[in-house]
Amino acid sequence: MELKQIAYLSDTLVLNKTTTQRLAMTLQKKLVATLAALLLGFIVIGVVVSFFNQSRLIHRRAETESGYLRNEVTRLLKVTDAIMG
């Protein structure tokens with residue numbers, strides 16, 4: 001083999017190695033991006049589910065408290081009515 005051919009083959013091998021490394025980095029970046037997107041999606045879904053559960057819980061507590069206060073006011077009004085009557 002001539003010196004030029006050896007140099008050409010050497011350069012070709014280096015380029016192939018570099019191309020392979022770039023391809024591996026691209027695949028790694030795509031994998032990391034995909035995993036990050038999935039993780040972010042699960043976090044968003046979890047936040048939305050948690051928001052609706054907490055909203056429902058707060059609504060139930062408010063209804064229970066308002067019912068308790070309504071009963072208490074009714075009882076006090078009956079006592080006042082009995083005293084006045």
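It should be emphasised that the depicted structure is a prediction, and the values quoted were computed from it without experimental measurement. All residue numbers refer to positions in the sequence shown, counting from 1.
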I need the [X] [atom1] to [Y] [atom2] distance, nearest 0.5 Å.
X	Y	atom1	atom2	answer
T80	R75	OG1	CZ	9.5 Å
S50	Q54	OG	CD	5.5 Å
T34	L39	OG1	CG	12.5 Å

Yes or no on side-chain contact (heavy atoms from CB on, under 4.5 Å) for R60 and R56, after CA distance, side-chain angles and deciding distance?
CA-CA 6 Å; R60 285 180 186 166; R56 194 173 340 127; 3.7 Å; yes

Under 3.5 Å: donor-acceptor pair, side chain of S66, backbone of A62:
yes

same_hphob_cluster(L35, V32) at 4.5 Å side-chain heavy-atom cutoff:
no

Can you confirm whether L69 sits close enough to E65 that some side-chain heavy atom of one is under 4.5 Å from a side-chain heavy atom of the other?
yes

